[in-house]
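In what follows, a single structure is set out as structure tokens and then discussed.
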2 protein chains.
Amino acid sequence: MRQDHRLSRMLHVLIHLDRHRKHATSEEIAEMLRTNPVVVRRTLAGLRKAGLVASEKGHGGGWRLARGLGEITLRDIYTALGEPPLFAIGNAQDNPVCLVEKAVNSAIDHTLEQAQALMMDRFATITLADIAADFDKRLLDYPVEARRFGHVRDHDKTGS
Amino acid sequence: MRQDHRLSRMLHVLIHLDRHRKHATSEEIAEMLRTNPVVVRRTLAGLRKAGLVASEKGHGGGWRLARGLGEITLRDIYTALGEPPLFAIGNAQDNPVCLVEKAVNSAIDHTLEQAQALMMDRFATITLADIAADFDKRLLDYPVEARRFGHVRDHDKTGS
DNA sequence: GCCACATGTAACAAACAAAGTTACAAAATT
DNA sequence: AATTTTGTAACTTTGTTTGTTACATGTGGC
């Protein structure tokens, strides 16, 4: 199955938009995500409609956060993306009259609903500020770790 | 995204294999699932390797259960299918050096792992016998319900 | 032994959704 | 007016499940 990476990507972008540059064009963001500016606009468009980011056209234009990281949960972003399907497994509807199929699907649905509730609950709890704090922690730990292998020189290197 | 319906389909087949016919050819099963016999063989092959079903060639051959419904959990079937991906969302790996991406992916992974643990736990708890019991219950309730709408005449109609 | 039946499997085609691309319109700044 | 940048439609590519075709292998009945 082909996975939807938009949630992950949007978290990535929004945190960069707070930590590294308050303003970035689709082009710059696309470079960061190693993708195409149109993909960036298309995906960020959903977040704009939800009031999470704002965009400006023309010279000096681009994208910026419309709220603080502490005011954006993963749930907000998931919703802004149109609540894409969470699961790669699902019910077959091969014979809608069959009562065996109904019983089977009911059992699977019940489990999926529980898992979905758990995920929505977790997503609603986690803010971008939480993830940014984890990033800050990694930033402090990383060079110490990396110097042992001789990979990094600058203490403030972030990776992208 | 395109969902994997094999788990649902296999539950469906195995319960029919207990409740309605102890023996069925790929052709007959394919008709029930409204699909192709080769798809049936391909999918049931995994269950055979796991010892859940047995197959016989030639005249009077076909598929049958190798264990009782009470000895088969949803988890067993999920495993027999090769543990296909559960989630339709996942982490982007656009810039493996970026510490922001690492922090983001760590947060998402953590949630997905919790959800996966919950699902595996539920699947391990539910046996095919449980679902078959639910089917039996629906079989009793269904005609009463349906007669109000004039859809069914026979009390023992199962649907497929 | 031969034939019909059934599984076993490889190889390929179709279907579908996310991601990527191209093209151009619209708006804002210089 | 020229340039930059977003906005969006239309199309292509890609990856995965499902479906199909073709044929080999094994089994039982006559």
Side-chain angles (χ1 to χ4, degrees), chain A residues 1-10 12-13 17 21 23-49 52-64 66 78 81-94, chain B residues 1-10 12-13 17 21 23-49 53-64 66 78 81-95:
Chain A
M1 176 232 29
R2 207 178 185 188
Q3 284 188 320
D4 185 337
H5 291 157
R6 285 177 297 168
L7 180 62
S8 168
R9 282 182 154 180
M10 289 302 100
H12 190 175
V13 169
L17 233 32
R21 36 196 328 167
H23 224 246
T25 66
S26 306
E27 189 85 40
E28 291 161 341
I29 294 171
E31 205 168 328
M32 189 170 79
L33 298 181
R34 308 228 194 282
T35 180
N36 191 293
V38 177
V39 173
V40 172
R41 288 187 205 116
R42 191 193 287 154
T43 314
L44 280 171
L47 306 206
R48 187 186 49 227
K49 278 175 201 146
L52 305 178
V53 298
S55 63
E56 279 141 29
K57 292 178 176 177
H59 278 279
W63 300 87
R64 60 177 173 78
Y78 174 71
L81 290 174
E83 309 199 342
L86 289 176
F87 300 107
I89 64 175
N91 288 332
Q93 300 283 348
D94 301 315
Chain B
M1 177 232 28
R2 204 173 188 195
Q3 284 187 322
D4 186 336
H5 291 158
R6 285 176 297 169
L7 179 62
S8 168
R9 282 181 154 180
M10 290 303 99
H12 189 175
V13 169
L17 233 34
R21 35 195 329 167
H23 225 245
T25 66
S26 306
E27 189 84 39
E28 292 161 341
I29 294 171
E31 205 168 328
M32 188 171 79
L33 298 181
R34 308 228 193 282
T35 181
N36 190 293
V38 177
V39 173
V40 172
R41 287 187 206 117
R42 188 151 69 207
T43 314
L44 279 172
L47 306 207
R48 187 188 47 229
K49 276 177 203 149
V53 298
S55 62
E56 280 141 29
K57 292 180 177 177
H59 279 278
W63 300 87
R64 59 177 175 78
Y78 174 71
L81 290 173
E83 310 200 339
L86 290 176
F87 300 107
I89 63 175
N91 288 332
Q93 301 282 351
D94 301 314
N95 192 340

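In what follows, chains carry the letters A, B, and so on, assigned in the order in which the sequence lines appear, proteins first and then strands, with residues in each chain numbered from 1. Excluded from the calculations below are hydrogen atoms, water molecules and symmetry mates; all remaining heavy atoms, backbone and side chain alike, are included.
- Nearest heavy-atom pair, A:G90 versus B:S8, reported as atom, atom and distance to 0.1 Å: O-CB, 3.8 Å.
- Computed from coordinates, the A:L7 CG to C:dA18 P distance equals 14 Å when rounded to whole Å.
- A donor N or O paired with an acceptor N or O is not found under 3.5 Å between the base of D:dT27 and the side-chain atoms of B:H59.
- Mapped onto DNA chain C by nearest heavy atom, B:T25 and B:V38 fall at different nucleotides, with B:T25 at the one closer to the 5' end.
- Evaluation of atom-type donor-acceptor distances gives a pair under 3.5 Å for the side chain of B:R42 against the base of D:dT20.
- The side chain of A:S26 has D:dT6 as its nearest neighbour among D:dA22, D:dT6, D:dG26.
- Taking atom NZ on A:K57 and atom C1' on C:dT30, their separation rounds to 18 Å, with Å as the unit.
- The heavy-atom pair separating A:A24 from A:L17 by the smallest distance is CB-CD1, 3.9 Å.
- For the residue pair A:T43 and A:R6, no side-chain donor N or O sits within less than 3.5 Å of a side-chain acceptor on the partner.
- Ranked by how close their nearest DNA chain D nucleotide is to the 5' end, B:R6 and A:G58 are led by A:G58.
- Between the CD1 atom of B:I29 and the CZ atom of B:R9 there is a distance of 12.0 Å, given to the nearest 0.5 Å.
- Considering only the side chain of A:D4, C:dA19 comes nearest among D:dG29, C:dA19, D:dT6.
- Taking atom CD of residue B:E28 and atom P of nucleotide C:dC5, one finds them 13 Å apart after rounding to whole Å.
- If you take CD1 of A:I29 and P of D:dT5, they are 12 Å apart, rounded to a whole angstrom.
- Looking at which nucleotide of DNA chain C each of B:D94 and B:A45 is closest to, the 5′-most match is held by B:A45.
- The nucleotide whose nearest atom lies closest to any side-chain atom of A:V39 is, among D:dG7, C:dT9, C:dG20, C:dG20.
- Contact between the side-chain N/O atoms of B:R48 and the OP1/OP2 oxygens of C:dG8 is found at a separation under 4.0 Å.
- The phosphate of C:dA19 has neither OP1 nor OP2 within less than 4.0 Å of any side-chain N or O from A:T35.
- Remark: B:R41 is not in phosphate contact with C:dT9, judged by side-chain N or O atoms under 4.0 Å from OP1 or OP2.
- Of the candidates C:dT9, C:dA19, D:dT8, the closest approach to any side-chain atom of A:H5 belongs to C:dA19.
- The distance from atom CG of A:L33 to atom P of C:dA19 is 11 Å, rounded to the nearest whole Å.
- Nucleotide C:dA15 holds its P atom 19 Å from the CZ atom of B:R34, rounded to whole Å.
- The CG atom of B:N36 sits 14 Å away from the P atom of C:dA15 (whole-angstrom rounding).
- Here the straight-line distance linking atom CD of A:E27 with atom CG of A:N36 works out to 8.5 Å at 0.5 Å rounding.
- The side chain of A:S55 approaches D:dT6 more closely than any other nucleotide in the set C:dT9, D:dG19, D:dT6.
- The listed nucleotides are C:dT29, D:dG7, C:dG8; the one nearest the side chain of B:W63 is C:dG8.
- Atom NE2 of A:H23 and atom CD of A:E28 lie 10.0 Å apart (nearest 0.5 Å).
- One atom, CG of A:L44, and another, C1' of D:dT5, lie 14 Å apart when rounded to the nearest Å.
- For the OP1/OP2 pair of C:dA6 and a distance below 4.0 Å, the side-chain nitrogens and oxygens of B:R64 include no atom meeting the criterion.
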